[in-house]
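Notes follow the structure.
All heavy atoms count here, side chains included; hydrogens, waters and symmetry mates do not. By convention here, the first residue in the shown sequence is residue 1.
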Amino acid sequence: MLGCWVGDCAPIVLVGAGTQLAVVHAGWRGLAAGIIDIAFAAFDEPVERALLGPVIGPCCYEFGSVDAAAVATGVHASIGELMSPTRWGTDGLDVTAAVRAGCSAHGVGVDLLADCTGCSFDGFSHRVRAEPERHVVAAWQVSTGVEVAT
């Protein structure tokens with residue numbers, strides 16, 4: 001079993017064509033640094049599937065353009081693809097769009113497992129509610145494939 005603890009960052013599960021599996025913690029700095037490319041490169045088999053657990057949405061994640069440019073570079077996207085207004089009208093980073101762009105660069109789509117941690121997910125949010133708790137995304141191999149729990 002593999003898993004990662006997150007507050008509002010993106011927990012990504014990558015499933016290979018055979019037996020390989022990865023769980024990646026992708027905050028904005030990791031996305032900017034190319035963590036998705038790094039995770040794909042670690043596989044010895046084609047990645048067939050990507051799943052994204054609960055992550056903060058652009059509706060709740062105010063974000064500056066300089067850091068957004070770094071994220072865009074790290075996921076092979078344009079800033080325009082990653083920015084969306086927050087609920088209060090400022091620029092927000094769409095982490096889901098960033099993960100989709102990064103995985104799309106490798107020919108893999110992304111299935112969403114949950115909604116925004118800030119306003120829609122029945123869990124924790126460090127950024128919106130300053131909660132110290134975290135949630136986990138876990139993945140494990142079973143005889144019929146891969147199971148994932150949030």
Side-chain angles (χ1 to χ4, degrees), residues 1-86 91-128 134-142 144-150:
M1 179 183 292
L2 298 174
C4 68
W5 293 97
V6 290
D8 291 304
C9 294
I12 307 167
V13 177
L14 299 178
V15 181
T19 60
Q20 292 184 323
L21 181 65
V23 177
V24 180
H25 179 279
W28 77 265
R29 287 179 181 87
L31 291 167
I35 190 65
I36 293 175
D37 290 342
I38 293 165
F40 272 85
F43 276 76
D44 294 328
E45 61 193 34
V47 175
E48 288 191 334
R49 192 170 167 208
L51 302 104
L52 176 59
V55 62
I56 196 159
C59 50
C60 295
Y61 193 19
E62 190 168 345
F63 208 78
S65 60
V66 172
D67 291 332
V71 173
T73 298
V75 298
H76 315 285
S78 70
I79 295 175
E81 293 174 271
L82 305 184
M83 299 303 283
S84 183
T86 62
D91 288 338
L93 178 65
D94 189 338
V95 177
T96 298
V99 171
R100 283 189 165 141
C103 290
S104 178
H106 295 276
V108 176
V110 176
D111 295 322
L112 300 179
L113 300 176
D115 293 320
C116 174
T117 54
C119 63
S120 301
F121 177 65
D122 187 23
F124 307 111
S125 175
H126 172 73
R127 181 165 300 276
V128 174
R134 300 292 183 259
H135 52 271
V136 69
V137 169
W140 60 97
Q141 295 279 355
V142 295
T144 56
V146 172
E147 294 287 329
V148 177
T150 60

Q. Where is the tightest heavy-atom contact between Gln20 and Gln141, given as atom of each residue plus distance?
A. O-NE2, 4.1 Å
Q: Mind listing the closest non-hydrogen atom pair of Ala33 and Ile38 along with its distance?
A: O-CD1, 4.1 Å
Q: Provide the closest heavy-atom pair for Tyr61 versus Thr86 in the form atom of the first, atom of the second, distance.
A: C-CG2, 4.0 Å
(Q) Donor-acceptor pair, distance only, cut-off 3.5 Å: does the side chain of Ser78 make one with the backbone of Glu81? (A) yes
**Q.** Taking every non-hydrogen atom, the tightest pair across Leu14 and Ala39
**A.** CD1-CB, 3.6 Å
Q) So Leu51 and Val15, side-chain contact (heavy atoms from CB on, under 4.5 Å) or not? Walk me through it. A) CA-CA 8 Å; Leu51 302 104; Val15 181; 4.0 Å; yes
(Q) One pair to check against side-chain contact (heavy atoms from CB on, under 4.5 Å): Leu31 and Val95. What are the steps and the verdict? (A) CA-CA 9 Å; Leu31 291 167; Val95 177; 4.0 Å; yes
Q: Could you give me the CA-CA distance, side-chain angles and deciding distance for Arg49 and Val108, then say whether side-chain contact (heavy atoms from CB on, under 4.5 Å) is met?
A: CA-CA 6 Å; Arg49 192 170 167 208; Val108 176; 5.5 Å; no
Q. Which heavy atom in Leu2 sits nearest to a heavy atom in Leu21, and how many Å separate them?
A. CD1-O, 3.4 Å
Q. With Arg100, which residues qualify under salt bridge (charged side-chain N to carboxylate O under 4.0 Å, His left out), at least two apart?
A. none
Q: Go through Ser84 and Asp94 one step at a time and tell me if the side chain to side chain donor-acceptor pair (under 3.5 Å) criterion holds.
A: CA-CA 6 Å; Ser84 183; Asp94 189 338; 5.3 Å; no
Q: Given side-chain contact (heavy atoms from CB on, under 4.5 Å), test Val55 with Cys116 step by step and report yes or no.
A: CA-CA 5 Å; Val55 62; Cys116 174; over 6 Å; no
Q) Which atom names give the shortest non-hydrogen contact between Leu52 and Ala10, and what distance separates them? A) CD1-CB, 3.6 Å
(Q) Please enumerate all residues that pass side chain to side chain contact (heavy atoms under 4.5 Å, CB included) together with Ala17, with sequence neighbours excluded. (A) Pro46, Glu48
Q | Spatial distance of atom CG (Leu113) from atom CD1 (Ile12) [nearest 0.5 Å] | A | 11.5 Å
